Amino acid sequence: MIFVRNDLDKLTSQRIDLDEAVELDPTRLKENPRLLGLRDIFAVGHGYYDSHSSRLILDLRVEGIMTVPCAITLRPFDIEFSVRVDDMFSFDPLGPEDEGIEEVEGETLDLSPYFMDAIFAEVPLKAVHPDLETYPEGDGWVVMTEEDYINEKSQEIDPRLAKLKDFKFD
């Protein structure tokens with residue numbers, strides 16, 4: 001999604017309604033190893049452009065589907081995401097009092113890097129495939145649920161107290 005200052009200056013209304021598909025640079029996916037793919041990305045929302053101050057205020061929701069690896073099996077699966085992008089951009093140079101406003105280099109604003117940064121922040125640290133029924137196991141190890149682990153630990157006898165079972169109590 002790209003905005004050109006000259007096109008924004010020609011608008012008859014300050015409000016800009018947005019509902020469109022977004023194309024993102026697939027090479028940026030290499031920056032996040034927990035993100036394997038993105039598809040069906042849409043930006044929905046609105047913006048306001050003030051031609052006097054040359055500032056664009058955006059309030060968007062970016063939605064789509066991300067492909068991530070399962071934390072247990074590493075099998076890829078899809079997760080729907082929805083992230084809010086609300087930023088203010090200025091096409092004019094900023095002063096020290098303009099904190100929180102992004103300065104646009106040149107006359108063209110490309111929102112793709114801002115969308116990618118917002119999506120990267122939404123990628124889960126660990127995600128487990130929802131259809132995972134059996135956990136992997138190998139020679140001397142097994143992956144278990146937290147509930148199974150707690151049950152197993154409650155059945156174990158503390159080795160410091162194990163000798164007490166040899167004593168007869170009257």
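Here, residue 1 is the first one in the sequence, and each next residue gets the next number. Values reported hereafter were calculated over all heavy atoms of this structure, with side chains retained and with hydrogens, waters and symmetry mates removed. None of the values given here were measured: they were computed from a predicted structure.
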Note, [X] side chain near [Y] side chain (heavy atom, < 4.5 Å):
X: L11; Y: I16; answer: yes
X: T67; Y: L38; answer: no
X: M88; Y: E102; answer: no
X: L8; Y: F91; answer: yes
X: L35; Y: F120; answer: yes
X: F77; Y: V68; answer: yes
X: L24; Y: I119; answer: yes
X: S54; Y: Y49; answer: yes

Exercise for the section: Dump the intermediate steps for side chain to side chain contact (heavy atoms under 4.5 Å, CB included) on V104 and R55, then the final yes or no. Expected result: CA-CA 10 Å; V104 178; R55 292 191 178 171; over 6 Å; no

Nearest 0.5 Å, what's the [atom1]-[atom2] distance between [X] and [Y]?
X: M66; Y: L29; atom1: CE; atom2: CG; value: 10.5 Å
X: I65; Y: D40; atom1: CD1; atom2: CG; value: 4.5 Å
X: E23; Y: D25; atom1: CD; atom2: CG; value: 10.5 Å
X: R15; Y: I57; atom1: CZ; atom2: CD1; value: 12.5 Å

Exercise for the section: Report yes or no: do V85 and L111 belong to one cluster of Ile/Leu/Val/Met/Phe/Trp/Tyr joined by side chain heavy-atom distances under 4.5 Å? Expected result: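 Shared cluster, yes.
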
Problem - M116 reachable from F42 in the ILVMFWY side-chain graph, under 4.5 Å edges - result: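 They do not share one cluster, since no chain of ILVMFWY contacts under 4.5 Å joins F42 to M116.
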
Practice task
Return yes when atom CD of E31 has more than 12 non-hydrogen atoms of other residues, nucleotides or ligands closer than 6.0 Å, and no otherwise.
Solution key: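 Yes, CD of E31 has more than 12 neighbouring heavy atoms, counting only those of other groups under 6.0 Å.
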
Practice task
Carefully, step by step, assess S90 and E103 under the rule side chain to side chain contact (heavy atoms under 4.5 Å, CB included).
Solution key: CA-CA 5 Å; S90 175; E103 186 174 340; 5.6 Å; no

Practice task
Would you sort out whether V44 and L60 count as a side chain to side chain contact (heavy atoms under 4.5 Å, CB included), showing the intermediate values?
Solution key: CA-CA 6 Å; V44 179; L60 302 173; over 6 Å; no

For the residue pair [X] and [Y], what are the closest heavy atoms and their distance?
X: H129; Y: C70; value: N-SG, 3.4 Å
X: G47; Y: L58; value: CA-CD2, 3.9 Å
X: V62; Y: I41; value: CG1-CG2, 3.7 Å

Kindly write out the residues that satisfy ring-ring contact (aromatic ring centres under 6.0 Å, His included) with [X], not counting sequence neighbours, or none if the list is empty.
X: F81; result: none
X: Y48; result: H46
X: F115; result: none

Exercise for the section: Check side-chain contact (heavy atoms from CB on, under 4.5 Å) between E20 and all other residues, then give those that pass, not counting sequence neighbours. Expected result: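 With sequence neighbours excluded, E20 shows a side-chain contact (heavy atoms from CB on, under 4.5 Å) to M1, L18, given in chain and number order.
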
Problem - Sequence neighbours excluded - salt bridge (charged side-chain N to carboxylate O under 4.0 Å, His left out) pairs with any residue from residues 66-78 - result: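 Qualifying pairs, neighbours excluded: R39-D78.
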
Problem - salt bridge (charged side-chain N to carboxylate O under 4.0 Å, His left out): pairs with one or both residues in residues 109-118, sequence neighbours excluded - result: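 Qualifying pairs, neighbours excluded: R28-D117.
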
With [X], which residues qualify under side chain to side chain donor-acceptor pair (under 3.5 Å), at least two apart?
X: Y114; answer: none
X: D7; answer: none
X: D19; answer: none

Exercise for the section: State, without any angle test, whether S154 and N151 hold a side-chain donor-acceptor pair at a distance under 3.5 Å. Expected result: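 Checked: S154/N151 side chains show no N/O donor-acceptor pair below 3.5 Å.
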
Please enumerate all residues that pass salt bridge (Lys or Arg N to Asp or Glu O under 4.0 Å) together with [X], with sequence neighbours excluded.
X: D59; answer: R84
X: D131; answer: none
X: D92; answer: R5

Exercise for the section: Show your reasoning for whether side chain to side chain contact (heavy atoms under 4.5 Å, CB included) applies to I2 and T108. Expected result: CA-CA 7 Å; I2 296 175; T108 303; 3.3 Å; yes

